[in-house]
Amino acid sequence: QHKATMRAVFLPCVLGGLGVAVLMGIALFLQHPRVFARMRWFRVKAGLLVVCLPVLHLWARGRVMRFYDAIEAGQLPE
């Protein structure tokens, strides 16, 4: 019950928001690619995203799976 409710809220809200943010960032970059490519902060930020997004995804996935297991085991208060 709780697991299904969490997924019903988490997936559309969080992943939808992240998807929109990524698409808007790509659209902005495509409007002025040369300007952004020359900026040091943009290159650093893009590099950090390439490294951090997969690492944070794996970390968050592990946390969520442990949380789901705790819900199924009845270890969380109502």
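FYI, side chains are in, hydrogens and waters are out, and symmetry mates aren't considered; it's all heavy atoms of this structure.
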Side-chain atoms of residues 41-60: list all donor-acceptor pairs with protein atoms under 3.5 Å, sequence neighbours left out, distances to 0.1 Å.
residue, atom, partner, partner atom, Å
R43, NH1, A37, O, 3.0
R43, NH1, R38, O, 3.3

remark   = Residue pairs passing the side chain to side chain donor-acceptor pair (under 3.5 Å) test with at least one member in residues 61-73, sequence neighbours excluded, are K3-E72

Joint hydrophobic cluster, L30 plus L28, side-chain heavy atoms closer than 4.5 Å = yes

query = Should M39 and F29 be regarded as members of a common hydrophobic cluster, given that ILVMFWY residues are connected when their side-chain heavy atoms come within less than 4.5 Å of each other, either directly or indirectly?
reply = yes

query = Considering residues, nucleotides and ligands other than M65, do more than 12 of their heavy atoms fall under 6.0 Å from its CE?
reply = yes

